[in-house]
Amino acid sequence: MEAYLQEWVSLLLRWAHFVTGVAWIGASFYFNWLENHLERQNARGGIAGDLWAVHGGGFYYLQKFQVAPEQLPDKLHWFKWEAYFTWFTGFSLLCVLYYWNAGVYMVDSRVADLSSLQAVAIGMASLLLSWLFYDGLCRSALAKKQALTAVLIFAWFALLSWLLSQFLSGRAAYIHVGAAIGTVMVANVFFVIIPSQKDLVDAVREQRKPDPQKGVNALARSRHNNYFTLPVLFIMISSHYAATFGHPWNWLVLLVIALVGIGVRHWFNIRHLEKHSRLVLPFSLLLLAALIFALRPEPKAAPDPNRVYPSTADIMPVLQVRCVGCHQERPDFPGIAAPPLGVLLNREEAVDSQALKIFNVVTVSRIMPLANTTQMSDEERKLVARWYAGKMQTKEERDTDSNE
Ligand code: HEC
């Protein structure tokens with residue numbers, strides 16, 4: 001019953017996290033777009049620029065003020081709750097998915113022998129320390145040098161990504177880098193960006209000059225947030241891609257993908273400018289191509305026609321002991337309410353039809369059995385690899401037969 005309820009709590013939280021995240025990042029992309037497409041040649045008497053748009057069956061006309069209107073309107077819309085709720089639902093999801101079953105989802109005995117409590121403490125500390133480091137950096141004298149600050153922020157997350165990969169399971173390491181970046185982004189909204197906007201609004205109301213330093217800080221933080229978006233969104237979907245977090249150099253894979261995301265984001269930010277570097281996008285795509293090439297699977301050894309390969313019946317007893325506790329219609333494994341991702345491994349036909357997936361998760365990324373909870377041995381992994389090689393060979397024979 002507990003596992004069943006946990007499944008619903010996780011579904012609802014994930015749904016809410018996704019919706020609020022879309023609303024937040026969507027609004028932030030939209031305002032960024034507005035800023036970049038403002039017709040500045042239409043600037044006049046306090047107006048910095050305007051633009052026309054058509055959407056959803058109507059025309060919209062927007063104007064941006066150079067500083068502020070003389071008088072505040074009765075109704076002024078703020079954009080902050082999306083950000084706060086994204087963090088709140090995200091952190092709750094982290095608790096339900098990772099901290100609740102930390103022994104399974106965060107600890108991987110091949111990486112480090114931790115207790116659940118230690119793993120959770122490391123995870124939470126990574127969020128807090130990231131904010132303290134980042135915020136300290138932005139408040140220090142170094143922050144005047146924008147490029148250096150950017151490099152130091154990247155270096156911090158590179159270090160975090162490497163450190164976490166030395167202690168936590170690949171999935172948990174990735175998600176915590178993402179959660180740390182997300183925490184920094186939301187804290188930027190809460191501690192810096194919104195207070196600066198409040199000051200601006202109060203200044204108009206009190207007919208005084210707004211504090212210019214607050215505006216400068218808020219602009220820097222919101223620029224950083226802009227560059228964080230693509231890396232953080234990749235991390236949020238990364239748990240579907242075992243080739244990334246399951247790789248022995250998973251932290252480096254993450255850094256390269258983050259750089260690609262930052263590059264693409266930068267290109268979107270500068271492409272409307274007359275003078276801009278045309279190399280940003282090609283360079284980012286080249287980096288991505290290099291990563292895809294570097295992660296390619298090793299070529300298969302030439303199959304030996306005289307070799308005897310294990311049949312599916314031969315591997316069933318291994319799967320029975322190592323996998324079926326989770327991957328059956330009604331799992332026995334504590335905390336698992338339904339077969340994960342619908343994968344069933346208790347019948348030969350089901351195993352045959354998912355051969356490639358099984359081969360991948362058991363021998364390539366080795367992410368199954370989850371955290372190796374059922375302690376699958378290397379011999380057993382080799383058996384699965386040979387079974388798969390045999391299947392590939394019979395498939396090739398069939399293909400050549402049918403071509404003749
Ligand atoms: C402790 C429970 C547990 C055990 C034991 C376990 N799995 Fe899984 N398995 C999971 C969970 C949870 C997921 C879903 C992971 C996710 O959400 O990405 C999963 C996902 C999978 C997937 C789908 C991967 C994908 O991304 O499509 C395959 C295939 C799989 N497991 C195979 C196996 C095999 C083979 C074994 C035994 C060698 C095994 N599992 C043992 C819990 C388990």
Side-chain angles (χ1 to χ4, degrees), residues 3 7 97 101 103-111 169-175 237-250 253 292 295-305 307-399:
E7 184 106 323
L97 286 184
N101 271 322
V104 177
Y105 285 100
M106 294 186 70
V107 178
D108 184 337
S109 54
R110 287 164 302 159
V111 177
S169 73
R171 275 170 70 123
Y174 268 43
I175 211 73
I237 58 169
S238 67
S239 70
H240 296 282
Y241 301 98
T244 58
F245 68 80
H247 195 275
W249 293 67
N250 53 11
V253 173
I292 296 173
L295 296 189
R296 76 199 180 284
E298 285 177 17
K300 278 187 300 178
D304 174 355
R307 199 156 153 195
V308 188
Y309 292 99
S311 68
T312 307
D314 294 331
I315 68 159
M316 288 311 283
V318 172
L319 301 190
Q320 185 62 42
V321 182
R322 309 296 180 203
C323 321
V324 169
C326 296
H327 292 286
Q328 58 181 319
E329 285 81 358
R330 311 202 63 178
D332 318 318
F333 197 88
I336 306 272
L341 299 180
V343 172
L344 294 171
L345 299 172
N346 49 354
R347 280 189 307 277
E348 279 191 31
E349 315 81 77
V351 169
D352 279 330
S353 68
Q354 302 173 90
L356 173 63
K357 261 195 189 168
I358 296 171
F359 168 72
N360 272 332
V361 297
V362 169
T363 69
V364 183
S365 63
R366 299 169 65 107
I367 55 164
M368 288 292 144
L370 201 62
N372 207 16
T373 33
T374 50
Q375 303 183 340
M376 189 174 204
S377 69
D378 283 345
E379 266 51 53
E380 289 167 332
R381 291 187 198 268
K382 282 192 192 131
L383 184 76
V384 171
R386 283 197 287 122
W387 160 77
Y388 183 70
K391 284 189 95 57
M392 284 301 97
Q393 181 164 3
T394 40
K395 184 168 168 287
E396 267 165 32
E397 282 164 8
R398 248 187 291 121
D399 292 350

TODO: Answer yes if the side chains of T312 and W387 hold a donor-acceptor pair under 3.5 Å, and no otherwise.
DONE: yes
TODO: Write down the atom of A371, the atom of G103, and the distance for their closest heavy-atom approach.
DONE: CB-O, 4.4 Å
TODO: Output the distance between atom CD (E7) and atom CD1 (I336), rounded to the nearest 0.5 Å.
DONE: 8.5 Å
Open item on the list: Tell me if a side-chain donor or acceptor on N250 pairs with a main-chain N or O of F245 at a distance below 3.5 Å.
Closed with: yes
TODO: Determine whether V364 and F359 make a side-chain contact, defined as any pair of heavy atoms from C-beta on separated by less than 4.5 Å.
DONE: yes
Open item on the list: Rounded to the nearest 0.5 Å, what separates atom SG in C326 from atom CE in M368?
Closed with: 8.0 Å
Task: Heavy-atom check, side chain of P331 versus side chain of P339, under 4.5 Å - done: yes
Task: Gap between atom CD1 of I358 and atom CD1 of I315 - 0.5 Å precision - done: 6.0 Å
TODO: Would you name the heavy atoms of A350 and L344 that are closest together and state the gap between them?
DONE: CB-O, 3.6 Å
Task: Atom pair OH/CG of Y105 and L370 - distance to nearest 0.5 Å - done: 5.5 Å
Open item on the list: Test your reading of the model: is there a side-chain donor-acceptor pair from D314 to the backbone of S311, 3.5 Å cut-off?
Closed with: yes
Open item on the list: Between Q320 (side chain only) and M316 (backbone N and O only), is there a donor and an acceptor less than 3.5 Å apart?
Closed with: no
Open item on the list: Determine whether D378 and R366 satisfy the following criterion, salt bridge (Lys or Arg N to Asp or Glu O under 4.0 Å), listing intermediate values before the conclusion.
Closed with: CA-CA 10 Å; D378 283 345; R366 299 169 65 107; 3.0 Å; yes
- [ ] Say whether, by atom type as modelled, one donor and one acceptor occur between the side chain of H327 and the main chain of L345 under 3.5 angstrom.
- [x] no
- [ ] Give a yes or no answer on whether the side chain of R381 reaches the backbone of T363 with a donor-acceptor pair at less than 3.5 Å.
- [x] no
Task: V253 side chain reached by Y174 side chain, heavy atoms, under 4.5 Å - done: yes
Open item on the list: So for atom CZ, which belongs to R330, do other residues, nucleotides or ligands contribute more than 12 heavy atoms lying within a distance under 6.0 Å?
Closed with: no
Open item on the list: Using modelled atom types and a 3.5 Å cut-off, is there a donor and acceptor pairing between side-chain atoms of R322 and backbone atoms of T374?
Closed with: yes
Task: Euclidean distance, N346 CG relative to L319 CG, rounded to 0.5 Å - done: 10.0 Å
Task: Non-hydrogen atoms of A243 and L295 that approach each other most closely - done: O-CD1, 4.2 Å
Open item on the list: To the nearest 0.5 Å, what is the distance between OG on S239 and CZ on R171?
Closed with: 4.5 Å
TODO: Might you work through the side-chain contact (heavy atoms from CB on, under 4.5 Å) test for E380 and V321, ending with a clear yes or no?
DONE: CA-CA 11 Å; E380 289 167 332; V321 182; 5.9 Å; no
- [ ] Apply side-chain contact (heavy atoms from CB on, under 4.5 Å) to N360 and Y388, showing your working.
- [x] CA-CA 10 Å; N360 272 332; Y388 183 70; over 6 Å; no
Open item on the list: Can a donor-acceptor pair be found, under 3.5 Å and without considering hydrogens, that links the side chain of Q354 to the backbone of V351?
Closed with: no
Task: Worked verdict on V318 versus M376 for side-chain contact (heavy atoms from CB on, under 4.5 Å) - done: CA-CA 8 Å; V318 172; M376 189 174 204; 3.9 Å; yes
